[in-house]
Structure formats: C-alpha cells, structure tokens
Amino acid sequence: MLVLFGSETPMPTPSMTVDPDSVTPGFAGFAAIVIVLVAVVLLIWDMNRRIRKVRYRDEVREELDAEEAAARDAAAREADGPDDAVGDVKH
C-alpha cells in the first residue's frame, strides 16, 4: 500500500522572495489607467457626436428630397393640370 499512496512527507511552504511593494503598479500604473480611461471616454463621446450628426444629416436630406419631389409633382400637375381641369378638347 505504501507504493500506491507514496510517503507522507509534508510539502514545504514557499517563502516570499519578492518584496510585495515592488510588484504593485503604484502611482504610475494608476496614472496610466486613468489616462486610458479618460481617452476612452473622450473617444466614445466624440463617436456619439459624429453618429448623431450623420443621423441628422440623413433626416434633413430625406426631408429635402421629399420636398423637392413634392415640388416637382406640383409643378408637373400645374403644367398639365389646367387643360385637364377645364375639360377642353383639343381640335
């Protein structure tokens, strides 16, 4: 049975060989994360502003196209309309 389970020798507890204060990011790491966070927030804000502009431009373009089409239809009706409205027959 000793062969299957091995010997009961305790495992040694590893000791700290590195100073815990030297492996922390410290102020430089904190500052770098804050800078990255501020940059990301500014990029997201700018992206939302640009997307909003594009959306508004598309809405205005669609309104202008609709107004232009309505004006063309009205002009076409006025050009052809008086003859049809009177009911005159051309001889």
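As the structure is a computational prediction, the values presented were derived from the model and not from experiment.
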Quiz item: Is any side-chain heavy atom of Leu64 less than 4.5 Å from a side-chain heavy atom of Glu68?
Solution: no

Quiz prompt | Cationic N near anionic O, under 4.0 Å, Asp58 to Arg61 | solution = yes

Quiz prompt | Asp46 side, atom CG; Ile51 side, atom CD1 - distance, nearest 0.5 Å | solution = 10.0 Å

Quiz item: Hey, which of Leu42, Val36, Ile35 is the one that makes side chain to side chain contact (heavy atoms under 4.5 Å, CB included) with Val38?
Solution: Leu42

